[in-house]
Amino acid sequence: MTNATPRVAVLIVLALALAAGFFWAARRQVAAPPTDGVVIVREGDAPPLAQRSLAPAAVPTNTVASAARDASATDRAILRALGLPAGATLVDVAPGNAAAQATCGLVASTPNNQPRRFVYLGLAGLGALDDGGAEFAQLHDRMCLRH
C-alpha cells in the first residue's frame with residue numbers, strides 16, 4: 001500500500017495542475033473587441049490603383065458667396081447685440097482685439113441718421129454704441145485697432 005500512496009499523490013497533483021492550467025487559460029482569454037462601426041475591406045472589394053482616379057477633388061467655386069453669407073450672419077449678430085433693426089447699416093467694419101473677438105465700426109440705424117461708433121464683442125455676444133461717454137471711449141480704445 002505504500003507504493004500506491006505516491007502514485008495517488010502524483011495523480012492528485014497532476015489533476016490539480018491541469019485544473020489550474022484550465023482556470024488560468026480561461027481567465028487569460030481576452031474578450032473580442034466590439035465590431036460596431038468596423039468596416040472590413042477585402043482585397044477584391046477595392047478597384048486596383050490603376051483604375052482609381054488620381055485627380056484632385058474639385059474645389060467649390062462658390063467660396064465668395066459663402067464668405068458673403070458668413071458676413072451677413074455676423075452683421076445680423078452685431079445688429080442684434082446692439083439692439084438695432086435688421087435694416088440698420090454697418091459701415092467701415094474692421095476686426096479689433098482678437099482675444100475678445102472684437103469688431104469695431106460705424107452703424108446708422110436709418111439712412112437719415114448720422115453713423116455712430118460701435119464695439120461688438122463676439123466672444124461674449126455683447127455690443128456697445130457710442131453714447132459720448134468716457135466708458136465707451138475707454139472700451140473703444142482697448143478693443144479697436146483703428147481709432
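All values below were derived from every heavy atom in this structure, side-chain atoms included, with hydrogens, water molecules and symmetry-related copies excluded.
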Linking directly or through intermediates, with side-chain heavy atoms under 4.5 Å: list the remaining ILVMFWY members grouped with Leu139, chain and number order.
Val119, Leu121, Phe136, Met143

CZ-CG distance between Arg117 and Leu129, expressed to the nearest 0.5 angstrom
11.0 Å

Can you confirm whether Asp130 sits close enough to Phe118 that some side-chain heavy atom of one is under 4.5 Å from a side-chain heavy atom of the other?
no

Please report the shortest heavy-atom distance between Asp131 and Gly133, naming the atom on each side.
OD1-N, 2.9 Å

Nearest atoms (heavy-atom pairs only) where Ser109 meets Leu84:
CB-CD2, 4.0 Å

Compute whether any side-chain donor of one residue and acceptor of the other, for Ser72 and Asp75, lie under 3.5 angstrom apart.
no

From CG (Leu126) to OH (Tyr120), nearest 0.5 Å
8.5 Å

Looking at every non-hydrogen atom in both residues, tell me the closest pair between Gly127 and Ala81 and how far apart they are.
N-CB, 3.7 Å

Does the side chain of Leu82 reach to within under 4.5 Å of the side chain of Val107, using non-hydrogen atoms?
yes

Below 4.5 Å, heavy atoms only, C-beta onward: do Leu106 and Leu90 meet side chain to side chain?
no

Taking all non-hydrogen atoms of both residues, which atom of Ala86 and which atom of Leu79 are closest, and how far apart?
O-CD1, 3.8 Å

